[in-house]
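Report on one structure; see the data block that follows.
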Amino acid sequence: MSVRELVILGTASQVPTRHRNHNGYVLLWDGEGLMFDPGEGTQRQMLRAGVAAHDLNRILITHFHGDHSLGLAGVIQRVNLDRVPHPVTAHYPAGGERFFKRLRYATAYRETVKLVPEPVAGTGAVLADTPSYRLEARRLSHPVESYGYRLVEPDGRRILPELLAERGISGPDVGRLQREGEVGGVTLDEVSEVRRGQRFAFVMDTRLCVGVRELAEGCDMLVIESTFTDEDEALATEHGHLTAGQAGRVAAEAGVRHLVLTHFSQRYDDPSLFERQARAAGFDGELTVARDLMRVPVPKRR
């Protein structure tokens, strides 16, 4: 049975607090693990959350500020210490190549695993195309080079039993129809409809920009920073961040089904404030204010 679930390792921006670790997120998707923005302390949070190095197939860095990347050295060394039996691909802004290399070789260790660097450049690109998803990146607006990431599952087909019955197809012929596309002159398209693939997006430090909206469009789950409350919008814009209201408005306009707010400034003690402001901005779908060590299922297909 496939599992699609977001494991939240940390939710703090810039400075960890007593209750919030630096950033860290793992998306479990059909047997693959994609780690996003491992901040300081991520390796310990993995242990607490029950995420193993063997679970990781990709590491994706949005940008090279410390709260999004200082844990990279430890994660890479843990992958090698545990002798992960498959290659691990690293995606990160190309302009931060020197930071990636410094973190990769921050201390001495034995390399036992193939780490494949695949930096991102320009306005964004398709980074990978697998049977389970297409991985895309979009440029964001932050004082340093920053990218958001998006997974798009290929569309499939949903068999409609009433149409099968009308055409007298049953039993083993249903399987044949799905494999071969036609049985007895009846095509798969005649007895099915398009099943829209799922979409997931990860948006960290950024002002409002085209990239944010493109990443969020039609997502089943959007994980997005809401560093500041709406009262501090000027401060958010100055430092290249979003407010809770801006995140909620983006999600509402993009048709997001499940909104996950995270990356909170240490100045705020009341997490419910972020939800209230996102709701006030018009978002009426499922909403989670992230907490460290939460597990959030990706919504079931429509």
Side-chain angles (χ1 to χ4, degrees), residues 4-6 8 11 13 23 25 27 29 36-37 60 62 123-124 133-142 146-153 155 194-265 267-268 270-291 294-302:
R4 295 186 179 181
E5 179 180 55
L6 177 72
I8 299 170
T11 57
S13 71
N23 284 282
Y25 311 83
L27 177 65
W29 186 281
F36 296 88
D37 281 6
L60 302 96
T62 59
T123 58
Y133 60 82
R134 182 176 71 249
L135 176 63
E136 306 172 348
R138 294 288 186 279
R139 184 73 179 261
L140 298 176
S141 175
H142 197 53
S146 184
Y147 290 90
Y149 298 99
R150 172 179 166 98
L151 272 75
V152 180
E153 178 187 31
D155 291 340
V194 173
R195 184 197 67 197
R196 182 180 178 274
Q198 288 185 310
R199 290 159 170 77
F200 169 93
F202 185 83
V203 176
M204 282 294 120
D205 299 17
T206 183
R207 304 175 184 90
L208 287 174
C209 63
V210 172
V212 173
R213 296 182 175 89
E214 290 181 348
L215 290 163
E217 185 60 36
C219 275
D220 296 277
M221 178 179 281
L222 171 65
V223 181
I224 189 169
E225 68 124 312
S226 55
T227 308
F228 293 97
T229 61
D230 293 344
E231 293 77 11
D232 293 319
E233 183 175 340
L235 195 60
T237 301
E238 178 185 352
H239 292 283
H241 286 289
L242 297 174
T243 69
Q246 289 173 330
R249 189 158 53 252
V250 164
E253 292 172 354
V256 169
R257 296 173 64 200
H258 191 152
L259 173 63
V260 179
L261 299 176
T262 189
H263 193 271
F264 308 116
S265 169
R267 70 183 59 214
Y268 307 112
D270 181 9
S272 66
L273 181 59
F274 295 94
E275 178 173 5
R276 291 199 299 271
Q277 293 193 348
R279 294 292 190 196
F283 182 74
D284 59 3
E286 192 171 357
L287 192 154
T288 296
V289 178
R291 300 190 311 274
M294 286 182 79
R295 286 177 174 261
V296 187
V298 176
K300 293 180 180 180
R301 293 185 181 91
R302 299 173 190 266

Side-chain contact, heavy-atom cut-off 4.5 Å: [X] with [Y]?
X: Val298; Y: Leu6; result: no
X: Leu135; Y: Leu60; result: yes
X: Met221; Y: Arg4; result: no
X: Phe200; Y: Val223; result: yes
X: Leu27; Y: Phe202; result: no

For [X] versus [Y], what's the shortest heavy-atom pair and its separation?
X: Met204; Y: Thr62; value: CB-OG1, 3.8 Å
X: Cys219; Y: Ala201; value: SG-CB, 3.5 Å
X: Tyr147; Y: Ala137; value: CD2-CB, 4.4 Å
X: Asp230; Y: Gln246; value: OD1-N, 4.1 Å
X: Leu259; Y: Gly248; value: CD2-CA, 4.1 Å
X: Ala244; Y: Ser226; value: CA-CB, 3.7 Å

How far does [atom1] of [X] sit from [atom2] of [Y], to the nearest 0.5 angstrom?
X: Arg295; Y: Ile8; atom1: CZ; atom2: CD1; value: 11.0 Å
X: Ile224; Y: Leu261; atom1: CD1; atom2: CG; value: 8.0 Å
X: Leu235; Y: Arg267; atom1: CG; atom2: CZ; value: 5.0 Å
X: His263; Y: Asp205; atom1: NE2; atom2: CG; value: 4.0 Å
X: Leu242; Y: Thr237; atom1: CG; atom2: OG1; value: 8.5 Å
X: Arg279; Y: Ser272; atom1: CZ; atom2: OG; value: 12.5 Å

Pair Asp270-Tyr268, side chain to side chain donor-acceptor pair (under 3.5 Å): steps then yes or no: CA-CA 6 Å; Asp270 181 9; Tyr268 307 112; over 6 Å; no

Please check if the side chain of [X] supplies one atom and the backbone of [Y] the other of a donor-acceptor pair under 3.5 Å.
X: Arg291; Y: Val289; answer: no
X: Arg150; Y: Glu136; answer: no
X: Asn23; Y: Thr11; answer: no

Under 3.5 Å side-chain donor-acceptor pair for Thr206 and His142: no

salt_bridge(Arg138, Glu217) N-O dist < 4.0 Å: no

Aromatic ring pairing His239/Phe228, orientation class (parallel under 30°, perpendicular over 60°, tilted between): parallel

Which residues share a ring-ring contact (aromatic ring centres under 6.0 Å, His included) with His258, sequence neighbours left out: none

Pairs touching residues 231-259 that satisfy salt bridge (charged side-chain N to carboxylate O under 4.0 Å, His left out), sequence neighbours left out: Asp220-Arg257

